[in-house]
Amino acid sequence: MLLISILALFSFVQVHAEPPFACDFEDGTMCEMENSLWFDPQRPIHNFSLISGELVPDKEIAPSKDHTYNTSSGHFAYWHQPFDSPHTNMDGCLSTPIFELTEHMCLTIAYYIKSVRADRNGTVLSIYMKGCGFRPLWSIRTDDTLGWQTDEIPLVGHGCNVTIWFNIMADQKNSVSVALDDISVDICARYKTTTTPQPTPSRSIRFTNNISLLAIVFLVNTNYLITS
Ligand SMILES: *[C@@H]1O[C@H](CO)[C@@H](O)[C@H](O)[C@H]1NC(C)=O
Ligand SMILES: *[C@@H]1O[C@H](CO)[C@@H](O)[C@H](O)[C@H]1NC(C)=O
Ligand SMILES: *[C@@H]1O[C@H](CO)[C@@H](O)[C@H](O)[C@H]1NC(C)=O
Ligand SMILES: *[C@@H]1O[C@H](CO)[C@@H](O)[C@H](O)[C@H]1NC(C)=O
Ligand SMILES: *[C@@H]1O[C@H](CO)[C@@H](O)[C@H](O)[C@H]1NC(C)=O
């Protein structure tokens, strides 16, 4: 019992100390993200690749700067569909490595979509999670996001291993660019702050969480020792 409690406490502290997934694409890799899904044999028509604004070939519709640094040398994950390319229900697909989902987690992303023809809302970017069930998390249908946009998406469920993936379906009669940057899974912003403002709100609530967990572990162990 004591061992289990210590292990539980250890994993709690560990998980909260470091985000389960974070990628700003600045270390020259895609952080083990894959252009596919481990449970789906289908492959996307076009791959995401790592690039920067100054090196991107399709300058007309690609981002000229990244989201992390707002510079032409900063990196992002880039997907491009030329006009009249083939089309499936998985024109593009990028999935995260599997990680263990804990409570109060959110996915934050920066996303960018731009098309040559902007009269049809023909591109759909969707985000799904598998593990803790299978669920659609988020979706946008547009031709143009007017630059980088960001969002924070709550991840419901905890205590299971999950993967998150980005799926693109694009109108084949269009040339489309999609870019992703600053993808991370971490404690949701609203759990990082308390409702009543304090000098160091994020620290105080986290400290309280740890104290209450310690108290529970202590009580459970005490109870175990007394009853056994
Ligand atoms: C996408 O990447 C995968 C894995 O690296 C590769 O096998 C596949 O050929 C690529 N597909 C395209 C269309 O480049
Ligand atoms: C990015 O940099 C440009 C100038 O190079 C500036 O006009 C723009 O406001 C910056 N964008 C953000 C989001 O900081
Ligand atoms: C695209 O979607 C936006 C937001 O839903 C809407 O306001 C706009 O009219 C749509 N444009 C076209 C061409 O369908
Ligand atoms: C998640 O995967 C890791 C590594 O395979 C494993 O040790 C862990 O027990 C799994 N967690 C759950 C909740 O299945
Ligand atoms: C619990 O305490 C550890 C070490 O002091 C800290 O790193 C961690 O972020 C805390 N957990 C929470 C949920 O605040």
Side-chain angles (χ1 to χ4, degrees), residues 3-21 24-26 31-34 37-39 51-56 59 61-76 78 83 95-105 107-127 129-136 138-152 155-165 168-186 213:
L3 185 63
I4 290 169
S5 308
I6 289 170
L7 283 177
L9 179 66
F10 183 69
S11 64
F12 182 83
V13 168
Q14 212 179 23
V15 163
H16 287 75
E18 210 175 289
F21 184 77
D24 62 10
F25 302 98
E26 296 306 335
C31 314
E32 295 174 50
M33 295 181 91
E34 298 268 356
L37 281 168
W38 54 267
F39 55 88
I51 205 154
S52 61
E54 61 198 0
L55 295 178
V56 84
K59 293 222 186 317
I61 52 173
S64 58
K65 293 170 178 174
D66 74 322
H67 181 264
T68 318
Y69 298 133
N70 191 25
T71 64
S72 60
S73 56
H75 295 86
F76 49 85
Y78 180 63
F83 184 83
S95 63
T96 69
I98 293 168
F99 62 89
E100 194 165 320
L101 184 62
T102 50
E103 253 185 314
H104 304 324
M105 288 287 163
L107 170 71
T108 55
I109 51 160
Y111 61 99
Y112 169 109
I113 300 172
K114 194 172 167 71
S115 322
V116 168
R117 297 187 60 177
D119 58 353
R120 52 195 64 199
N121 282 341
T123 298
V124 182
L125 173 65
S126 308
I127 307 176
M129 181 169 78
K130 185 174 168 66
C132 290
F134 169 92
R135 62 181 89 225
W138 182 95
S139 184
I140 187 172
R141 172 183 284 274
T142 186
D143 291 317
D144 192 345
T145 54
L146 305 175
W148 288 103
Q149 305 296 332
T150 58
D151 213 343
E152 186 193 64
L155 303 176
V156 179
H158 59 89
C160 23
N161 283 331
V162 301
T163 183
I164 289 174
W165 77 96
I168 303 170
M169 278 196 284
D171 178 1
Q172 69 181 115
K173 297 289 177 198
N174 208 345
S175 177
V176 180
S177 284
V178 176
L180 299 170
D181 203 354
D182 298 326
I183 302 172
S184 80
V185 175
D186 201 354
L213 189 81

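Both ligands and their constituent atoms are indexed starting at 1 by order of listing.
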For Phe76, give me all partners under ring-ring contact (aromatic ring centres under 6.0 Å, His included), at least two apart in sequence or on another chain. Trp148
First locate atom CG of Asn70, then atom OG of Ser64, and finally report the distance between them rounded to the nearest 0.5 Å. 8.5 Å
Partner of Val162 under side chain to side chain contact (heavy atoms under 4.5 Å, CB included), chosen from Met105, Lys130, Glu100, Met129: Met129
In ligand 4, the atoms that come under 4.0 Å of a heavy atom of Gly159 are 13 (C)
Atoms in ligand 3 with a heavy atom of Asp119 nearer than 4.0 Å: 13 (C)
Please enumerate all residues that pass ring-ring contact (aromatic ring centres under 6.0 Å, His included) together with Trp138, with sequence neighbours excluded. Tyr111
Tell me if a side-chain donor or acceptor on Asp181 pairs with a main-chain N or O of His67 at a distance below 3.5 Å. yes
May I ask you to test the Ile164-Phe99 pair for a side-chain heavy-atom distance under 4.5 Å? yes
What does the 4.0 Å heavy-atom contact list look like for ligand 2? Lys65, Asn70
Tell me every residue that passes salt bridge (Lys or Arg N to Asp or Glu O under 4.0 Å) with Lys173, counting only those two or more places apart in sequence or in another chain. Asp84
